[in-house]
Amino acid sequence: MDLFNHRFNHSYLKRRKMKKKIISIIIATLMFMGFGFTANAQEAKSITPVILDVDMATDVDDATAVRICTELSVEGIIDLKGVAFSVNPNNGNEVRAMEGALDYMGLYNVPIGQASTGHYDYSPYYGDMWQFKTTNHIVYTNAVNMYKDILRNSPTKVRIVTTGFLLNIQSLMQDPEGYSLVQQKVESIYIAGGEYQGMCWNLSYQPDVTAATMYVTKNSPVPLYFAMDVLGANQCGGSLTKMDKNDSDYLSKCFHTFGLVDGQNYGNCDGTAVYCCAMQDYNYGNLYKATPCTTYIAPNGCLTQKETDQPTNMYMLETTQVNDKYELYNSRLYTRTMNAIINADYLRKHPNK
């Protein structure tokens with residue numbers, strides 16, 4: 001009996017030391033990633049709940065945003081409460097794909113909302129993602145209902161991150177209960193896209209997309225933060241394709257389907273919106289500042305955003321690096337930080353491995 005107790009205690013202490021070592025590695029990695037917080041500070045604040053809204057289509061940036069968002073949720077930086085689609089392929093394949101992406105990360109209880117409108121689009125990456133599907137998630141046939149359920153039941157304010165069209169957000173705000181819930185339960189909305197002057201596919205160009213943007217910017221009761229296209233170089237692809245040559249990660253599969261070769265970087269803006277949302281409490285890792293702005297869409301679809309000194313609830317997220325004033329594609333600091341988010345995943349095992 002004494003020998004058994006000795007072995008049990010030795011095994012328990014060994015596991016405890018190993019657990020402390022793993023925690024230390026994760027904390028050190030997060031600090032390297034630029035999150036700029038201490039363990040005590042993180043324990044003192046609640047983790048921010050987030051709803052992700054994607055327009056997953058022909059580009060691979062939405063798959064990148066999903067991968068980063070789920071990674072940050074697993075690491076405890078944010079709490080992913082639901083994923084909505086603003087595009088409708090009319091065959092349910094988007095749901096199967098998202099179930100695969102969520103199951104790959106062990107996020108089996110995250111619900112999925114289908115598009116609230118009939119805006120048609122599809123993605124060539126659905127097949128790369130749904131092969132990891134192992135469970136059936138709660139699925140809402142209208143994303144607005146998912147939004148309302150999550151907001152009703154959230155004890156703290158939620159952040160919304162949209163990587164594309166504002167169609168679901170418009171539908172949510174046009175719903176009387178939905179608008180009230182946004183007013184009471186949403187802290188802010190992060191939007192991938194925006195231009196000083198130009199055509200932004202996410203916010204203008206198409207009539208229904210333009211109408212949604214105009215409605216949300218005029219009627220939102222909460223702050224809007226634009227992670228603008230000109231600031232959107234998310235170069236995390238190189239690290240992942242170098243480390244995952246066997247395509248065991250769904251994002252690596254998506255990158256290869258997109259046409260990237262091993263080790264090649266790829267710049268896109270959707271991951272930037274997720275990153276900015278997560279970094280809100282940490283001064284954006286000193287990479288961004290929020291500049292008050294106005295937004296105007298001309299009849300030809302040209303979107304113009306200007307700095308303003310007047311009170312506003314709209315902000316452009318601008319880089320603080322002088323050399324990156326309008327473009328982050330050559331920012332070594334930003335690239336290292338984004339690579340570290342992906343690299344951190346390799347500190348642990350996925351449930352399906």
Q) Hey, mind stepping through Phe132 and Asp103 against side-chain contact (heavy atoms from CB on, under 4.5 Å) and telling me if it holds? A) CA-CA 7 Å; Phe132 295 100; Asp103 289 350; 5.6 Å; no

Q.
Met173 vs Ser220, test: side-chain contact (heavy atoms from CB on, under 4.5 Å). Steps then yes/no.
A. CA-CA 8 Å; Met173 290 183 181; Ser220 177; 3.6 Å; yes

Q: Begin with the C-alpha distance, continue with both residues' side-chain angles, and end with the deciding distance and a verdict on side-chain contact (heavy atoms from CB on, under 4.5 Å) for Ile51 and Val158.
A: CA-CA 7 Å; Ile51 300 173; Val158 176; 3.9 Å; yes

**Q.** Gln170 and Asn168: CA distance, side-chain angles, deciding distance, side-chain contact (heavy atoms from CB on, under 4.5 Å) verdict
**A.** CA-CA 5 Å; Gln170 178 190 25; Asn168 289 330; over 6 Å; no

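In terms of modelled atom types and a separation under 3.5 Å, the side chain of Arg159 and the main chain of Cys277 share a donor-acceptor contact. Side-chain atoms of Asn313 come within 3.5 Å of backbone N or O of Val222 as a donor-acceptor pair. In this structure, Ser154 contributes its side chain and Ile150 its backbone to no donor-acceptor pair below 3.5 Å.
Here OH of Tyr225 is found 5.0 Å from OH of Tyr190. Values are rounded to the nearest 0.5 Å. Note that the OH atom of Tyr147 and the NZ atom of Lys185 stand 15.5 Å from one another [nearest 0.5 Å]. A distance of 10.0 Å separates CZ in Phe226 from CE in Met316, rounded to the nearest 0.5 Å. Residue Ile138 holds its CD1 atom at 11.0 Å from CE of Met146, rounded to the nearest 0.5 Å. Between atom CG of residue Asn109 and atom OG1 of residue Thr135 there is a gap of 8.0 Å, rounded to the nearest 0.5 Å. Here CG of Asn219 is found 13.0 Å from CD1 of Ile169. Values are rounded to the nearest 0.5 Å.
Closest approach of Met214 to Thr217, counting heavy atoms only: O-OG1, 3.2 Å. The shortest non-hydrogen separation linking Asn202 to Ala192 is ND2-O, 2.7 Å. Taking every heavy atom of both residues into account, Ala97 and Met129 meet most closely at O-CB, 3.4 Å. Across all non-hydrogen atoms, the minimal contact from Leu167 to Ser86 is CD1-O, 3.7 Å. Heavy-atom minimum distance, Lys148 versus Asp175: NZ-OD2, 3.2 Å. The heavy-atom pair separating Ser116 from Asn142 by the smallest distance is CB-OD1, 3.3 Å.
Test Val274, Val83, Leu102 against Thr70 for side-chain contact (heavy atoms from CB on, under 4.5 Å) and you get one pass: Leu102. Of the candidates Val54, Leu107, Leu52, Thr64, Cys69 forms a side-chain contact (heavy atoms from CB on, under 4.5 Å) with just one, namely Leu52. Partner of Leu224 under the side-chain contact (heavy atoms from CB on, under 4.5 Å) criterion, chosen from Thr312, Ile160, Ile191: Ile191.
At a cut-off of 3.5 Å, with distance as the only test, no side-chain donor of His119 or Asn88 sits close to an acceptor on the other residue. Between Gln206 and Thr210, the side chains place no donor N or O within less than 3.5 Å of an acceptor N or O (distance only, hydrogens not considered). At a cut-off of 3.5 Å, with distance as the only test, a side-chain donor of Asp62 or Thr163 sits close to an acceptor on the other residue. A donor and an acceptor atom, one from each side chain of Tyr140 and Asp149, are located under 3.5 Å apart.
Heavy atoms of other residues, nucleotides or ligands lying less than 6.0 angstrom from CG of Asn91 number more than 12. The local environment of OH in Tyr205 is sparse, with at most 12 non-hydrogen atoms from other residues, nucleotides or ligands closer than 6.0 Å. Counting heavy atoms of neighbouring residues, nucleotides and ligands inside a 6.0 Å radius, atom OH of Tyr122 does not exceed 12 of them.
Scanning for side chain to side chain donor-acceptor pair (under 3.5 Å) contacts around Asn136 gives Lys133, with sequence neighbours left out. Judged as a side-chain contact (heavy atoms from CB on, under 4.5 Å), and not counting sequence neighbours, the contacts of Ser123 are Met56, Tyr125, Tyr126.
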Side-chain donor-acceptor distances from residues 292-303 under 3.5 Å, at least two apart:
{"unit_1": "Thr295", "atom_1": "OG1", "unit_2": "Gln305", "atom_2": "NE2", "d": "3.3"}
{"unit_1": "Asn300", "atom_1": "OD1", "unit_2": "Cys302", "atom_2": "N", "d": "3.0"}

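Taking 4.5 Å as the limit, some side-chain heavy atom of Lys306 sits within range of a side-chain heavy atom of Thr304. In this structure, Val139 and Glu99 have side chains that are in contact, with non-hydrogen atoms separated by less than 4.5 Å. When side chains are defined from C-beta on, Trp130 counts as touching Asn93, because their heavy atoms get closer than 4.5 Å.
Separation of the His137 and Tyr108 ring centroids does not fall under the 6.0 Å cut-off.
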